[in-house]
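Letters A, B, ... mirror the listed sequences (proteins, then strands); counts begin at 1. The figures here come from the full heavy-atom set of this structure, side chains too, leaving out hydrogens, waters and symmetry mates.
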2 protein chains.
Amino acid sequence: MNIGQAAEASGVSAKMIRYYEQIGLIEPPARSQSGYRVYAEQNVHTLRFVRRARSLGFSVEETGALLALWRDRSRASADVKALALKHVAELEEKAAALQAMATTLRHLASHCHGDRRPDCPILDEIGAGS
Amino acid sequence: MNIGQAAEASGVSAKMIRYYEQIGLIEPPARSQSGYRVYAEQNVHTLRFVRRARSLGFSVEETGALLALWRDRSRASADVKALALKHVAELEEKAAALQAMATTLRHLASHCHGDRRPDCPILDEIGAGS
DNA sequence: GCTTGACCTTCCTATCATGGGAAGGTGTAG
DNA sequence: CTACACCTTCCCATGATAGGAAGGTCAAGC
């Protein structure tokens with residue numbers, strides 16, 4: 001399987017597969033005589049794991065830690081759970097921060113007439129600072 | 001006022017003040033004979049506006065649009081409100097995406113014993129892909 | 001066999017916002 | 001006069017991703 005097919009099968013772009021290899025997140029695959037990367041089903045499996053971890057908001061570095069745990073059959077499930085819950089806390093913190101911004105801004109907007117007149121409490125408040 | 005004092009007074013780092021000037025977000029300030037940037041109270045006011053807009057999650061580019069609206073006394077408040085509400089929608093979308101990740105992951109974690117045994121549904125599920 | 005087009009390779013560049021640091025000039029207090 | 005804090009510009013790094021250029025490879029069709 002060439003990189004394009006591995007990309008198709010895993011949902012990770014060829015560009016990103018090469019990048020993940022370059023930074024050491026995944027193992028360099030076999031090469032054909034002409035230098036093409038050759039992927040086996042196992043590699044695609046790993047790539048899918050990476051894609052799914054990324055889609056759950058894990059950074060590439062955290063994904064590397066998860067991969068190591070995935071491959072280490074002797075680690076305690078408590079280690080994995082701790083990592084996951086720590087990440088949940090970070091995600092919820094970020095979500096709350098964004099939601100707080102949205103709420104503040106929505107509040108400011110609710111005081112703005114939104115007509116043709118120029119006076120606007122949104123800009124007034126941003127300008128007043130806090 | 002030198003850049004350090006302007007940074008202190010506005011809450012924007014000296015590094016970022018120079019950067020904002022370089023990309024054209026803010027006007028180049030006056031310079032002293034020796035080439036030091038010299039800021040007036042008005043400049044600090046603008047910097048505070050920028051800091052506050054950034055803290056509400058507006059990108060630098062959007063902040064530039066807000067600044068233009070702020071300075072244009074003839075614009076309709078509806079224009080500002082539309083921009084603000086569009087941004088609110090984007091913020092809430094991002095917040096919801098993060099919260100969805102957190103919820104999924106918390107769900108996975110709830111099925112993990114979290115003890116010394118190695119079997120862990122979190123990694124199993126990430127590996128299984130979806 | 002030869003051409004064409006799809007694919008692969010590496011390498012360089014960009015994004016966005018921010019910080020770090022080097023090398024060198026300035027300003028001020030002791 | 002010296003020390004130290006501050007300023008200047010310039011370059012580099014981050015994290016994850018995309019775009020593109022220049023050149024090699026492979027398979028299908030003529």
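At a threshold of 4.0 Å, the pair A/E92-B/R106 counts as salt-bridged, since one of the basic side-chain nitrogens sits closer than that to a carboxylate oxygen. Under 4.0 Å is where a charged nitrogen must lie from a carboxylate oxygen, and between B/E90 and B/K94 no such pair does. Salt bridge annotation for B/R52-A/E125: absent, with no cationic side-chain nitrogen under 4.0 angstrom from a carboxylate oxygen.
Nucleotides of DNA chain D lying under 4.0 Å from heavy atoms of chain A occupy a range whose first and last members, 5' to 3', are D/dA16 to D/dC26.
The separation between B/Y20 atom OH and C/dC16 atom C1' is 11 Å, rounded to whole Å. Separating the CZ atom of B/F58 from the C1' atom of C/dC16 is a distance of 17 Å, rounded to the nearest angstrom. The distance from atom OH of A/Y19 to atom P of C/dT15 is 18 Å, rounded to the nearest whole Å. Straight-line distance from the CZ atom of B/R54 to the C1' atom of C/dC16: 9 Å, rounded to whole Å. Computed from coordinates, the B/M16 CE to C/dG20 C1' distance equals 14 Å when rounded to whole Å. If you take CD of A/Q5 and C1' of C/dC8, they are 11 Å apart, rounded to a whole angstrom.
Judged by distance alone, the side chain of B/R54 and the main-chain N or O of B/R51 form no donor-acceptor pair under 3.5 Å. Using a distance-only test at 3.5 Å, with no hydrogens or angles considered, a donor-acceptor pair links the side chain of A/Q5 to the main chain of A/N2.
Scanning residues 32-43 of chain B for heavy-atom distances under 4.0 Å to DNA chain C yields B/S34, B/Y36.
With DNA chain C read from its 5' end, the first of the two nearest nucleotides for B/S59 and B/K15 is the one closest to B/S59.
In this structure, the side chains of A/F58 and B/L105 come closer than 4.5 Å at one or more pairs of heavy atoms.
Relative to the side chain of A/N2, the nucleotides C/dG20, C/dC8, C/dT10 differ in distance, and C/dC8 lies closest.
Checking the phosphate oxygens (OP1, OP2) of C/dG20, no side-chain nitrogen or oxygen of B/R18 falls inside 4.0 Å.
Annotation for A/E8: atom CD does not count as buried by contact number, only 12 or fewer foreign heavy atoms lying within 6.0 Å.
Remark: A/R116 engages no residue in a salt bridge (Lys or Arg N to Asp or Glu O under 4.0 Å) (not counting sequence neighbours).
Ring geometry for A/H45 versus A/W70: interplanar angle over 60°, hence perpendicular rather than tilted (30 to 60°).
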